[in-house]
K.L.:
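One structure is given below, represented as structure tokens, and several questions about it will come after.
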Amino acid sequence: MEESTLQLISGIGAKLGQLARPNKDVLVKSLRQVVSALSQIEQPSVVEVAAKAQVLRKLEAATKPLRNSIVKHGLPNHTDKDVRLLVAICVSEFFRILAPQPPFADKHLRDIFKLIISIFSELADTTSAFFSRRVKILETVARCKCCVIMLDIGCNDLILEMFKTFFSVVRDHHQQSLINDVLSIMTHILNEEVSHQLMDVILGNLIQESKDATSAASQLAASVIQSCAEKLQPFVCGFLTSCSLDRDSVGSELKEFYHEIVLKIFQCAPEMLNAIIPSLTQELMTDQVDVRIKAVNLIGKLLLRPEYRVAQRYHALYLEFLKRFSDKSSEVRVTALQCAKACCLANPSGIESLELLPTIKDRLLDFDDKVRMQAVIVACDIARSNLKYTSHEFVSEFTERLRDKKISVRKKTLQKVMEVYRDYCNKCAEGHITICDRFEQIPCKVLMLCYDKDCKEFRSQNIELVIAEDLFPILLPVEERTRHWIHLFSLFSPSHVKALSAILSQKKRLQTEMRNYLVLRRKEKEINSEDMQKKLRSCFVKMSASFPDPSKAEECFDKLSQMKDNKIFSSLGQLLDEVTLKSAMAIRDKFLKVIGNKHPHYEFLQLLCSKCLFNIFDSEHVSCILNLISSGGLESNHLEAFSIELLLVIISNFPSLMRGSELELRLLFEEKYLIHDKIIQVLVKAGPHISVKFSDFYPVLKKICLEGTRPQSKYAVSAIASLIDVSEPYVFSELCEWTMRPKVRIFGGDLKTSHVGTGPFDDHDNILSVQVQELVDSLHRGRNTATVLQSLGCIAQYSVSTFEHHDKEITQYVYKKIFQAKSLDDPSVTEDSSGCTTCKLKFFMANLFDDNPLQIYGLKMLVKSFLPHRGSQISRPINSLLGTLLKMLQKEDVLDDIISCAGDRDYIRLAAAKSVLQLSRRWDLHISPDIFRPTILMGKDDSSSVRLSFLDKTYKLLKERVIPIRYASAFTLATADGFKDRQHSFKYMVEFIKEYNREAQKGRTSMVQGGSIVDYPAYLVVFLIHLLAHDEGFPPEGCQDEAIYAQFCSPLLLFLHTSISSNNVDDDMDIVNVAAFYLYYIFRAIKRAKDAVDVQRTPRLHFLADVGISGVNSFYQKGISSLPRPEKILLPSSLYKITPMQNEEANWKSFTHTFVERVVHIFKSQISLPVGSVRKRGRKCHEDDSFILVSHKHEDFSTRGADQVHKKSTRQGVNLGCRGRCAVSPDALGSVGSHNKDSNEQEYGASNSSESALEKGKSFSSHSFTQKPSQMESKVSTQKVERCSTSDGNVAADKSHTAGASNNCKESGTRNEVLIGQRIKVWSTFDSCFYSGTVDDFNPENNTHKITCDSGEVEILCLDSESWETISNCSLMEREVQPSDKQNTLHLRQCVKDTVDKLRSDARQESKTKLNMEDCKVPCREKKKKERSKNSSSVSEVMNIDEDAVARRTRSRKV
């Protein structure tokens, strides 16, 4: 220590002390000298105490003048920053050199510390020139620990201010030494004394969220807590405990950040919270949702630190945390899921993560859609973070949310699973994981969204875009995409294939229609013509169907067509022609860039471009598939078959994509055709669209036709037809002639010996079709007979003329060598007579092409020969084949020249029935009732295998709309009691009714506009009743057991019940009303017809019609609706005919209405519905609903979808009348109808007599007669015509009436009271007789009479709507119908038979009289009818629906 330095400091201090008010310059100059001098002075380092004290006294004396001057002039409070900084430096130096003694008196230290703190507040400015000096002051103060003095002098407020200052100025970019000095000062103070105020400051900064100081201040606070954990723990724990137990009593604002504080402290000093963490259990169970949410968040974040093992150390808390996943609050459950996600992402392999996965799976099924959505997000993010170790089950569970009941959840799930699948594809391409089923199931489930009809967002129009644009990453190579497609296709079910095919066919239709539109647009001259506009409009409608919003798309198409910019349409044409996606994308991007995003139709054109692109599959996909199969580049051998199936699906929709891959296809075909039949199908589809040499494929195809399997031969013939122009029949003819050469070797020979240069193709010397003569030779040699028969049948379908040239030879062989053969030597077909028929038949179903008897193969070949493609005409008669089918349908072992063993009987009968179904596509006109009946009876065959196979085939053909609806009768018969599989049949019947009703309703606006009753499923009863009438099981004539009749009529009643059930038509009451309406009138028509096949069965028809009417009235509670009444009911003339009814026939069996009602009632009592049987539709429910029909033998009759039948009175009112009239055009049925011009004249058309079943088969749908309602019911009569029955039987109209009762009936009001006390008889159309009674009373309010019948039954009737007569002097007074002003109801009555015998006798007598009058008019009309029939394809008979031979009751309803 130099004396000069001390003297300098002392002299400057004395000089400043002498100045009264020193100015800034003097102060700055002087203080700078002092600062420089003080920096040279070191703190005494003398060890001896005495010496150190002496040195300190010397330093104190030297600095005292300056210290006094600082106090005297109040320099700590000087306003100038420079002066204050220099003073602060001097002060800090005084603390350093004079330590441990304070340099100033206590009364002055407060100002000194204020000065120092103010200097600290400027530490944030690191760019200042004085920053280093301020840091020096901080360092000096920290080293000297002088801030502790503030505690001694009671400056706690300054300490609090200093703490706040430190937290506010600290920055992330400060050097660590500065942070350490600040931490040192704070730690020294806290180690001496801790206050709640300081704790609040520390905790507040621990959770500081200021942008400028968030990290540094929080880290500083954490460091302070770490350094002073022991001192702070009582205060912190006390605060946290108060917040946990009684937060409202805590005054600090930090109580709201209680959980954040706990988390921060746990991260820096977890030991401090050993007493706090367990108390969080109570917070998890509190009633306050926000508290539970914060507690869950806190624990979730605590679990992120696996090193602290929270789940193990605080197990009770962890278990309570897991319970929050099922918390009653959805917000808490969502928070728990978010915490679980963070934990699983932070430590995927941790114990906690494995325990949390099951809870996440459970929330995927949460009842709240928000929770399910969050669970999907969490599950997908977890899967994406660890694709390699994600389980198949986990993926299945979160992808299942694609079927969620909430659309919002489905949308979010679709978005997230697409992200998962794209990440998976990228990882596969990078080689991190291999292609696996667990992620390939995602596209499978996405495809199934196409079946979701409830949500338009998931229709095939939108799913197409998802598959095309969102399924794969944009940059994923085509080969990788192809591999994924092949693998996921291996997981496809038939439903998946159907969905994919629907999407591809939808794209195909749009592209086809767009091409058509571009062609139409080029015809500019016709663009404004009306016809052209219709064509354009049709194109727009068809193309719009491929868009998510068809109406909006149609509008955009319309606006787009008005644009004159042909560049747009030229670009669209280029997109359609480009088969590679990469090039098409370049064209699209260029096109969209040219039009710009400001174009009014930019978004629509962008979507349209996507629809026109081959963006799902392109030619590169096809080439990759072929290469992968040929090179064996697939991961496993089983994928080869699926890759070929995928190729077939692609080529079936876009055959042009095969262009450029012809060589690969040929090589693949030669190598794989024997293994994979679908390779041949690919060739069939691609044949017309590729450029290949026919000779490259023909040898193999020819060999397949002779030596392959039956399916292969079928496809081979189709392939040959696709590779040549089958429209040129001379090709087949020439080839057939060529095959007749005996020296030409077909296999292994030199094909060059065949007609070189003489074929229709100059460069194809070896172009040969399947050689018919060679096939015939193979038949005679017995070589591979089953395949040869298949080839011949297929050739007959493609070339009728070729087959007919050899028809005689082929047909004779089949009939003589196959149908009449007792033993067959074909090694390819063996017969095993062992085992039961049912077992063999099941094996036959499973091995359809291996073990069929040759009779079946021969039959199939003959059937195919009569079903050519492209509607070609056939000149050969079909009667012989139909006769053979009739014989085969019988159950006898030997039927004339058709020989079959017992083991093959069921095979042959089933094949014959299916053949009839197939022939009905084109030859239904020739299928007679004798063939139709045994065919339909296959539906109730004793063998369940036969029955189910036949029903399945029938349903398939009906669904395709290729056979007449009359074959659906098999479904109704199969629902009869006694069949275990009747529920299967009932399902088919319900689907048939539903689909055909919808189809009929679409085409029906009114009967005048072309609709027909024969289009409705209700028309099926026409055939069903005839089948039942000819059923061998019809109850015998003497049977009076209603239960037996109910059992026998159950197919008819069940069909009526199902048809009138609203559940089976999606609650569409319009369809129900129409069905009930048509059924009623069909039954009425049948009651007025005779059996054309066997007239002795007519009473059965009428009885069944009565049952049908009663069933309709019973099942349809509303009564017949006021639809326009059909003027004609078309009935098949091969089944029904119109001739006057004979009395003895009408009385074959006299069943009263009561008996019929009891039959229906018994049936209704046998139906019961289980709980929850109301059908649910769409994806939400797939359970089969069923009902139980209990027979009189106490057998269950389970079916599906029937309605609950309420036990109401069987006497139901049915409204019949309707003033409106609508004609059914008979043209669709080929029938001729006539209309009456006079209400008193009814024409009857004559029908041709029924001929032999094999000579002239009558069509059920084409040859028919028509029944027409009478003018009495179809027109509103404006006059009341009264008819008297005279003694000679002639009926005449009399305009003058003297009978008082008749005159009174013409008047209204009180005049009706005249009838009171009189005897009358009322006509019943149901029982075809009169019922007599006495009029007891009249009610003028509703114009009704009270009538007491002779049977004792009381009726309330409106006689204005009834046909009735007064009983007086044996004369009958009949009144014609006058429609009432109110809706009337048909009242069905039951009467005692013996009280009406006399009345029936009178009625019969009157019937004969009237029929005699009508008969005199028939000859003239017969002549006219026959003349008209010459120009008609069929003969029809016209019958009045309501007109009977005797006076009848009629009903009319006001419309």
K.L.:
Show the numbers, then the answer: is there a salt bridge (charged side-chain N to carboxylate O under 4.0 Å, His left out) between Asp941 and Arg909?
P.N.:
CA-CA 10 Å; Asp941 194 84; Arg909 288 176 51 248; 2.3 Å; yes
K.L.:
Work out which heavy atom in Val717 is nearest to a heavy atom in Ile795; give both atom names and the distance.
P.N.:
CG1-N, 3.9 Å
K.L.:
Among residues at least two apart in sequence or on other chains, which ones pass salt bridge (charged side-chain N to carboxylate O under 4.0 Å, His left out) with Asp1091?
P.N.:
none
K.L.:
When you check the gap from the basic side-chain N to the acidic O, do Lys940 and Asp1031 get nearer than 4.0 Å?
P.N.:
yes
K.L.:
Could you give the side-chain donor-acceptor pairs of residues 951-958 under 3.5 Å, partners two or more places apart or in another chain?
P.N.:
| residue | atom | partner | partner atom | Å |
| --- | --- | --- | --- | --- |
| Asp952 | OD1 | His984 | NE2 | 2.9 |
| Asp952 | OD1 | Tyr988 | OH | 2.5 |
| Thr954 | OG1 | Phe950 | O | 2.8 |

K.L.:
Hey, does Leu789 have a side-chain heavy atom less than 4.5 Å from the side chain of Thr785?
P.N.:
yes
K.L.:
In sequence, state the C-alpha distance, the side-chain angles, and the governing distance for Leu859 and Leu885, and then conclude on side chain to side chain contact (heavy atoms under 4.5 Å, CB included).
P.N.:
CA-CA 9 Å; Leu859 179 61; Leu885 290 174; 3.5 Å; yes
K.L.:
How would you list, by chain and number, every residue that makes a side chain to side chain donor-acceptor pair (under 3.5 Å) with Gln681, sequence neighbours excluded?
P.N.:
Tyr715
K.L.:
Can you list the residues that meet the side chain to side chain donor-acceptor pair (under 3.5 Å) rule with Arg921, with sequence neighbours excluded?
P.N.:
Gln918
K.L.:
So, Arg666 and Glu670, do they make that salt bridge, N to O below 4.0 Å?
P.N.:
yes
K.L.:
Do the charged groups of Arg966 and Asp924 touch, with an N to O distance under 4.0 Å?
P.N.:
yes
K.L.:
Show me the pairs that pass salt bridge (charged side-chain N to carboxylate O under 4.0 Å, His left out) and involve residues 794-805, at least two apart or across chains.
P.N.:
Glu804-Arg876
K.L.:
Does the side chain of His1030 come within less than 4.5 Å of Pro929's, by heavy atoms?
P.N.:
no
K.L.:
Sequence neighbours left out, what passes ring-ring contact (aromatic ring centres under 6.0 Å, His included) with His869? Give chain and number order.
P.N.:
Tyr798
K.L.:
What distance separates Asp696 CG from Phe669 CZ, expressed to the nearest 0.5 Å?
P.N.:
11.0 Å
K.L.:
Measure up the Tyr815 and Phe819 rings against each other and bin them: parallel (under 30°), tilted (30 to 60°), perpendicular (over 60°).
P.N.:
perpendicular
K.L.:
Counting C-beta onward and ignoring hydrogens, is there a side-chain heavy-atom pair between Ser920 and Pro964 closer than 4.5 Å?
P.N.:
yes
K.L.:
Please report the interatomic distance CG(Leu647) to CD1(Ile629), rounded to the nearest 0.5 Å.
P.N.:
6.0 Å
K.L.:
Tell me whether the count of non-hydrogen atoms from other residues, nucleotides or ligands lying under 6.0 Å of NZ in Lys685 goes above 12.
P.N.:
no
